[in-house]
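Working notes for the structure below.
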Protein chains: 2
Amino acid sequence: MVVLTANERRALELLEERTRPVPRGATVQRENDTTGEMFILRTGMMMSSVLLVDGSRQILRFHFAGDMIAVSGLAYREASETISALSDCVVCPFERSAFAAVLADHPRLAALIIVCNQVERAALTDRLAVLGRTSAKARVAAILIDLRNRMRMLDAGISTSFALGLTQEEIGDATGLTAVHVNRMLRQLEDEGMLAREAGRFTFTDERALERAANFVDRYAGLDLGWLPAGR
Amino acid sequence: MVVLTANERRALELLEERTRPVPRGATVQRENDTTGEMFILRTGMMMSSVLLVDGSRQILRFHFAGDMIAVSGLAYREASETISALSDCVVCPFERSAFAAVLADHPRLAALIIVCNQVERAALTDRLAVLGRTSAKARVAAILIDLRNRMRMLDAGISTSFALGLTQEEIGDATGLTAVHVNRMLRQLEDEGMLAREAGRFTFTDERALERAANFVDRYAGLDLGWLPAGR
DNA sequence: CGGCTGCTTGAATAGAGTCAATAAACGTGG
DNA sequence: CCACGTTTATTGACTCTATTCAAGCAGCCG
């Protein structure tokens, strides 16, 4: 999409110098802890979530390889969300000072990071609309499509069949539903012929219908980066 | 919080060179239109919203003086949200190229913009948790507290009494509720002695109780900007 | 094998939505 | 300044969606 200069590439590689394995279920950042490092997720799938006072959990976002995570540490002294691994992961920790150096030396990378922020903002606002204004069935369909699409961006081998890697409890925490109701909605999508399930694998048997049920709109269609400053 | 250098101040003033009045109810950006300018909101109150296929609306965010709006135009060819004026407003339009120039010349401003993105991200994820996991009463209480707080940041004269400037329909579109149910929740908060209403003005009669009802957490408490690169 | 954790299903309940009717506030043109 | 039409607020009755509670089942791992 954008071709980086050799210098830019080197600057980004500097952020990924160190690596750290994170086993499934482990946490790299805990809500209200003092923020330390930020990370680039090298491999695996993670999630950010918050706990409410009544003990319920809201999953805010899923993270995949290539995502920059724990970035809110740039602004806040204390983390506002918990970030934990849904599969065995590898992350590359880096310091805020290293990040500041990248911004100082590479204005085009700064611009690209701002663009990524906007893409994430769009994803969050889409989810906001889904939680605020759509039915349980639409929410479940939406999360299935969204996760399939993001997995496909990293592994072109994935098409209509994929392993979600989430419990129904987790689907519920992401969609604002109870696990019980998630189960019922999955069954309904299955009964209506849009979906098949077996041993944790999902298969879209009628993708169009599923997209209609989910109110799906593709947000990765119209990126426009013509305005970026020159690379260094 | 951060003292800008004279150069930095001048660069930002360049973005605010032109001004344009926007009457109440008018739209500065329409969903799916080709994105053009970005804006700094000089005076007034605006909102971003999206329309779903079934005709329902979700209000994503409220904007106040000083906010940089329509920034998603940096990433997308087409606007993902509608931005319209809730009161008579004045905006300062600027071009992406002007923005790119700021980033190229002033790395610390780039860093500050990224920080602002993170603050907005935190606000959006808070709202996500509210929509996903809290009751109608909590959502209504939360929006009242949030808007009061943001108004107070611009006008220190506001304390427990303020004019919201929203219809109950709009409160509903922001909280994911129907106007009818918003009305019932307002009445309930009133009956429970947390709130008084008259002629569009709200008065918090028991702010602690209201905060408890809303699950309120203060997100503007712990900003940390020690890591920024040097100013130019 | 036994103890988890996750999945599935039913029945009863509660919370929010829908529909409808009325009242109050607002804006506009005469 | 008033009359009229429109938007906004209010309230009741009813419906429906999603939650809660409960029980049984399946798969997995030590």
**Request:** Show your working on salt bridge (Lys or Arg N to Asp or Glu O under 4.0 Å) between A:Arg57 and A:Glu169 and close with a plain yes or no.
**Result:** CA-CA 10 Å; A:Arg57 177 176 65 169; A:Glu169 180 88 39; 5.9 Å; no

**Request:** For B:Thr205 and B:Leu195, indicate whether the former's side chain and the latter's backbone hold a donor-acceptor pair under 3.5 Å.
**Result:** yes

**Prompt:** Taking it one step at a time, do A:Glu78 and A:Asn32 satisfy side chain to side chain donor-acceptor pair (under 3.5 Å)?
**Reply:** CA-CA 5 Å; A:Glu78 287 167 16; A:Asn32 299 322; over 6 Å; no

**Request:** Give the rounded distance in Å between these two atoms: CD of B:Glu198 and P of C:dA24.
**Result:** 17 Å

Using nucleotides 7-9 of chain D, report all nitrogen or oxygen pairs with the protein that are shorter than 3.5 Å.
unit_1	atom_1	unit_2	atom_2	d
D:dA9	OP2	B:Gln168	N	2.8

**Prompt:** Is it true that B:Glu211 and B:Arg208 have a side-chain N and a carboxylate O under 4.0 angstrom from each other?
**Reply:** yes

**Asked** Between A:Asp67 and A:Arg150, is there a salt bridge with N-O shorter than 4.0 Å?
**Response** yes

**Asked** Taking atom C1' of D:dG12 as reference, at what distance in whole Å does atom CZ of B:Arg187 sit?
**Response** 13 Å

For nucleotides 16-21 of chain C, give me every protein contact, N/O to N/O, under 3.5 Å, one pair per line with atom names.
unit_1	atom_1	unit_2	atom_2	d
C:dA16	OP1	B:Ala136	N	2.8
C:dG17	OP2	B:Thr178	N	3.3
C:dG17	OP2	B:Thr178	OG1	3.2
C:dT18	O4	B:Arg184	NH2	2.7

**Request:** With sequence neighbours left out, write down each residue that passes ring pair (Phe, Tyr, Trp, His ring centres under 6.0 Å) with A:Phe162, or none if nothing qualifies.
**Result:** A:Phe204

**Request:** Rounded off to whole Å, could you give me the CD1-to-C1' distance for the A:Ile171 and C:dC7 pair?
**Result:** 11 Å

**Ionic contact status for A:Glu37 with A:Arg20, cut-off 4.0 Å** = yes

**Asked** Are A:Arg133 and B:Asp54 within salt-bridge range, i.e. N to O under 4.0 Å?
**Response** no

